[in-house]
Amino acid sequence: MTRRILFLLLSILFLQCEDPTPNVSSNFRVTIQNLSSGEIATDLSKGIFLIKNEGFPLYFTGAQDYGQGLEQLAEDGYVTRLVENLQANDLVLAVDSFDLIPPGESISFEFNASYGAFLNFATMFTDSNDLFYSFNDDGILLFNPDGSPRKGDVTSLVWLWDLGTEINEPPYEGIFQAASQSAPNEGEDENSQMRLVNDGFTYPPRTSVIQVTVNPI
């Protein structure tokens, strides 16, 4: 009897020590809506989204842009170079681009992901010099700890980032901003660090410009 009880206790302990990682996957639909209108109306540029399990392949907060194509997106709304470099990154499971989103319109994209995967995206605030909307460095987890897929509005996790590659002008007023400049890459280089925008200018609240929802399908 004693041996049997000991065996049961060891079995329970073994089960508790097993890897609890759920073996689940889901299809997701992400919708990005441009809520801006009136005096704060602005396009959201062509953008990219990526799925990954680890690492920070899009950018590092507090570091200079590392030249994979995010500068072209953040300054001019160009995505081709960034997509190509992310496709060659072993840490990236999937990457694709989406079209420009005018005020009042939205885009949606779909993908499949497994437990442990992160989602990130980037789209330029076009009435700026090098600002873009994205999640934080790592992106957001697509599954909860219990294995259930993330669901609902995630706009509270979206931030307006300053890439630090071009000198900022007042929003909606700069002659070297993507919405106004006569050719790409016209602004003065800054050579600073990636950070949340904090340049003394006033920007519309993110909830007046962008809404992002993630839902399993």
Side-chain angles (χ1 to χ4, degrees), residues 26-36 41-60 65-114 117-142 150 154-155 157-166 177-179 181 183-187 194 206 209-217:
S26 177
N27 294 320
F28 290 88
R29 177 183 293 117
V30 175
T31 299
I32 303 175
Q33 185 173 2
N34 186 336
L35 302 177
S36 68
T42 185
D43 289 331
L44 298 176
S45 76
K46 286 185 176 181
I48 66 97
F49 70 92
L50 62 92
I51 312 300
K52 64 190 184 67
N53 279 341
E54 58 182 332
F56 309 94
L58 193 56
Y59 56 82
F60 290 92
D65 176 57
Y66 48 85
Q68 296 296 299
L70 186 56
E71 179 178 358
Q72 285 72 28
L73 184 154
E75 292 186 8
D76 304 306
Y78 292 171
V79 299
T80 301
R81 183 183 175 195
L82 182 58
V83 169
E84 290 176 349
N85 283 315
L86 289 172
Q87 287 174 337
N89 189 320
D90 292 338
L91 296 176
V92 176
L93 302 176
V95 60
D96 207 344
S97 61
F98 54 82
D99 289 334
L100 179 144
I101 313 172
E105 298 191 17
S106 66
I107 62 95
S108 295
F109 51 86
E110 299 177 5
F111 56 86
N112 181 271
S114 298
F118 292 81
L119 165 71
N120 213 343
F121 79 101
T123 178
M124 182 190 185
F125 177 78
T126 60
D127 283 279
S128 73
N129 296 82
D130 62 346
L131 307 187
F132 64 98
Y133 289 103
S134 183
F135 299 125
N136 62 19
D137 309 47
D138 210 17
I140 61 170
L141 278 167
L142 286 165
R150 182 183 286 274
V154 293
T155 310
L157 303 175
V158 175
W159 304 96
L160 184 58
W161 295 96
D162 185 346
L163 189 59
T165 55
E166 185 171 305
Q177 295 171 351
Q181 63 188 3
N185 197 29
E186 284 195 329
M194 167 79 183
R206 63 188 166 195
V209 177
I210 190 171
Q211 182 181 51
V212 182
T213 57
V214 178
N215 287 298
I217 55 175

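Heavy atoms only: backbone and side chains are in, while hydrogens, waters and symmetry mates are out.
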**Q** Which heavy atom of D127 sits nearest a heavy atom of Q177, and at what distance?
**A**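 For D127 and Q177, the tightest heavy-atom pair comes out as O-OE1, 3.2 Å.
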**Q** If you look at every heavy atom in L91 and G55, which pair is closest and at what distance?
**A** CD1-CA, 3.9 Å
**Q** Closest approach of K46 and G77, non-hydrogen atoms and distance?
**A**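 Nearest pair, atom of K46 first, then G77: CB-O, 3.7 Å.
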**Q** Where the side chain of R81 meets the backbone of Q72, is there a donor-acceptor pair that is under 3.5 Å apart?
**A** no
**Q** Just so I know, are the side chains of Q211 and T31 near enough to count as touching, which here means a heavy-atom distance under 4.5 Å?
**A**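 A side-chain contact under 4.5 Å is absent here.
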**Q** What are the two closest non-hydrogen atoms of E54 and P57, and how far apart are they?
**A** O-CD, 4.4 Å
**Q** Taking all heavy atoms of A74 and all of L163, pick out the closest pair and write down the distance.
**A** CB-CD2, 3.8 Å
**Q** What's the spacing between S97 OG and L86 CG if we round to 0.5 Å?
**A** 11.0 Å
**Q** What residue among N89, D138, L119 forms side-chain contact (heavy atoms from CB on, under 4.5 Å) with K52?
**A**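 Only match with K52 under side-chain contact (heavy atoms from CB on, under 4.5 Å): D138.
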**Q** Side chains of D130 and E71: closer than 4.5 Å at any heavy-atom pair?
**A** no
**Q** Measuring from atom CG of N215 to atom CD of E110, what distance do you get when rounded to the nearest 0.5 angstrom?
**A** 11.0 Å
**Q** Just so I know, are the side chains of V212 and F121 near enough to count as touching, which here means a heavy-atom distance under 4.5 Å?
**A** yes
**Q** Between N34 and I210, is there a side-chain heavy-atom distance shorter than 4.5 Å?
**A** no
**Q** To the nearest 0.5 Å, how far apart are CG in L58 and OH in Y66?
**A** 6.0 Å
**Q** Check each of N112, I51, V214 against F28 using the side-chain contact (heavy atoms from CB on, under 4.5 Å) test, and report the only one that passes.
**A**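 Among the candidates, only V214 passes.
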**Q** Is any side-chain heavy atom of L142 closer than 4.5 Å to one of F111?
**A**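 Yes - at least one pair of side-chain heavy atoms lies under 4.5 Å apart.
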**Q** Between D76 and M124, which heavy-atom pair has the shortest distance, and what is it?
**A**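 Nearest pair, atom of D76 first, then M124: N-SD, 3.9 Å.
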**Q** Please say which of Y133, F125, F135, Y59 ends up in a side-chain contact (heavy atoms from CB on, under 4.5 Å) with W161.
**A** Y59
**Q** Can you check whether T42's main-chain N or O pairs, donor with acceptor, with S36's side chain at less than 3.5 Å?
**A** yes
**Q** Indicate, with yes or no, if the rings of F49 and F98 have centres closer together than 6.0 Å.
**A** no
**Q** Any sub-3.5 Å donor-acceptor pair from D43's side-chain atoms to S45's backbone N or O?
**A**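 It does not hold such a pair.
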**Q** Do D162 and L131 come close enough that some side-chain heavy atom pair is under 4.5 Å?
**A**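 D162 reaches L131 side chain to side chain.
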**Q** Could you check whether any side-chain N or O of T126 sits under 3.5 Å from a backbone N or O of L44, counting only pairs where one atom can act as donor and the other as acceptor?
**A**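 Side chain of T126 to backbone of L44: no pair is present.
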**Q** With rounding to the nearest 0.5 Å, note down the distance linking CD in Q33 to CD1 in I107.
**A** 11.0 Å
**Q** Can you measure from CG (L100) to OG1 (T123) and round to the nearest 0.5 angstrom?
**A**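 Reported to 0.5 Å precision, the distance equals 7.5 Å.
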**Q** Would you say N120 and F118 make side-chain contact, with heavy atoms under 4.5 Å?
**A** no
**Q** Starting at CG of L82, measure out to CD1 of I48 and round the result to the nearest 0.5 Å.
**A** 5.0 Å
**Q** Is any side-chain heavy atom of F60 closer than 4.5 Å to one of M194?
**A**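 No, side chains not in contact.
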